Amino acid sequence: MANIVLGVSSGIAAYKSVDLMRTLQRAEHDVRVVMTKNATRFVGPETFAALSGHPVGIDVFGQEFEPGFDHLDFARFADAILICPASANTIAALAAGFADGLLTTTALAFDGPLVVAPAMNTKMWQHPATQANLTTLAGRGAHIVPPAVGLLADGDVGPGRLPEIEVIVDELERTVAADRPLRGVSILITAGGTREPIDAVRYVGNRSSGKMAWALADEASRRGADVTVVAANVDLPRRPDIVYVDTPTAHEMLIACRAYHRDADIVIMAAAVADYRPVIAVAGKIDKSQADALEIPLERTADILVELSAHRRPGQLLVGFAAEAGAAGLVRARAKRERKAVDLVVYNDISAPGIGFGSDENSVTIIGPGEREEILARAPKRDCARRVLDAALAIFDPGRTAPPS
Ligand code: CTP
């Protein structure tokens, strides 16, 4: 299943998109609809809203300027965009790169697979301008579903009819599958920051939000991997196609990782695991009237990554993270790769302002085998996630038996 944005532009064939949406839903895709203003003359947005279970996007500024609406939300949600029917006007706007409505804005802000199913009058279809626009779109990687030939709503006979729904769905599913090279690959990702209880209400914790791990999980899932996320205290939206296991403490995370790592082809340890925990978690709440000062003895937690590394199965790839500061931190991160015997270490410089913990952006250095290092300048965490996955896949070899060099 995938997250599909169904873009409906104007044309009599717009009514067929209702059936198309239902077919996509039956195939377990999550569909959200964006309509051009003119398309709403053919089908009421309420129809799509009621059947999809999601608000329909029409205006760049949101329905009646609803607060919290972001004009890029649809692009962020989409694994693929299907425009059906695609009018000559929408095709021209897409080819020219216009962002003159929510549908064109969504398409422009999206760099994943785009499927376009044109439907229009035969002469409009055959016009060199339309054909040139389609050639431009195809040249950029869009998948065009050619219209069927037959009697059109305006009485003409020729190409321009929307093809059968099954033909369009088939093209969309092929496109989504081709964009999913990780089908059959199983990935375990740890996320968030563990909290080690001091008493029933207090804990020793850290500032990890889980955003980087979430971006990795979303991207891996979007590429077709079977993803399990072992999450410590992460409050972010969850995808239905990812398995989430909540483990608030380091010990619970260790137990979950022991259980899940055996099936994983790739393990990405992105969680900030507490290195120490209170020796005793006090039952109930510590009463501050009992003492002016408090000493809390701490003990080391197990290093999960080291344990997984010691029990790695042949071909399994391990990625660790290192949150350190500055140039000295980079040296420590390199040493961590050796010490923990992992394939890649992703170094986060926590001293750089405005990135890292809680932020939507990150800047990382990916440390690989043979002194291979890739420095990623400040970028959204989704982009960092893509590069980390690319780096992992570049050295992923399921048949490998030797540990990392
Ligand atoms: N890690 C882990 N278990 C722990 C601590 C850390 O699995 N108890 C993992 C983290 O998820 C991360 C990597 O080890 O992938 C590095 O974590 P970090 O806390 O930066 O490193 P430490 O091992 O604590 O480093 P050092 O001993 O140098 O402080």
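Not measured: the values here are computed from a predicted model. Along the sequence shown, the residues carry numbers beginning at 1. Both counts, for ligands and for their atoms, begin at 1 and track the order of listing.
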Under 3.5 Å donor-acceptor, K381 side chain and S359 backbone: yes
Taking atom CZ of F396 as the centre, report whether more than 12 heavy atoms of other residues, nucleotides or ligands fall under 6.0 Å from it. yes
Just by distance, no angles: are the side chains of D263 and S186 close enough, under 3.5 Å, to form a donor-acceptor pair? no
Could you check ligand 1 for N or O atoms lying under 3.5 Å from protein N or O atoms and list the pairs with distances?
residue  : atom   : partner : partner atom : Å
ligand 1 : 3 (N)  : I304    : N            : 3.0
ligand 1 : 7 (O)  : I304    : N            : 3.4
ligand 1 : 7 (O)  : L305    : N            : 2.8
ligand 1 : 8 (N)  : T301    : OG1          : 3.4
ligand 1 : 8 (N)  : A302    : O            : 3.0
ligand 1 : 11 (O) : M269    : O            : 3.3
ligand 1 : 11 (O) : A271    : O            : 2.7
ligand 1 : 14 (O) : K340    : NZ           : 2.7
ligand 1 : 15 (O) : M269    : O            : 2.7
ligand 1 : 15 (O) : F321    : N            : 2.8
ligand 1 : 15 (O) : F321    : O            : 3.3
ligand 1 : 20 (O) : K336    : NZ           : 2.8
ligand 1 : 21 (O) : K336    : NZ           : 2.9
ligand 1 : 23 (O) : K340    : NZ           : 2.4
ligand 1 : 24 (O) : D275    : OD1          : 3.1
ligand 1 : 24 (O) : D275    : OD2          : 3.1
ligand 1 : 25 (O) : K336    : NZ           : 3.2
ligand 1 : 28 (O) : R332    : NH2          : 3.1
ligand 1 : 28 (O) : R339    : NH2          : 3.4

Evaluation steps, salt bridge (Lys or Arg N to Asp or Glu O under 4.0 Å), between D218 and R76: CA-CA 11 Å; D218 287 353; R76 288 193 193 104; over 6 Å; no
Which side-chain N or O atoms in residues 79-100 pair as donor and acceptor under 3.5 Å with protein atoms at least two apart or in another chain?
residue : atom : partner : partner atom : Å
D79     : OD2  : N3      : N            : 2.7
D79     : OD2  : R239    : NH2          : 3.3
S87     : OG   : T90     : N            : 3.1
S87     : OG   : T90     : OG1          : 3.2
D100    : OD1  : T104    : OG1          : 2.8

Check whether more than 12 heavy atoms from other residues, nucleotides or ligands sit under 6.0 Å from atom CD of E371, and answer yes or no. no
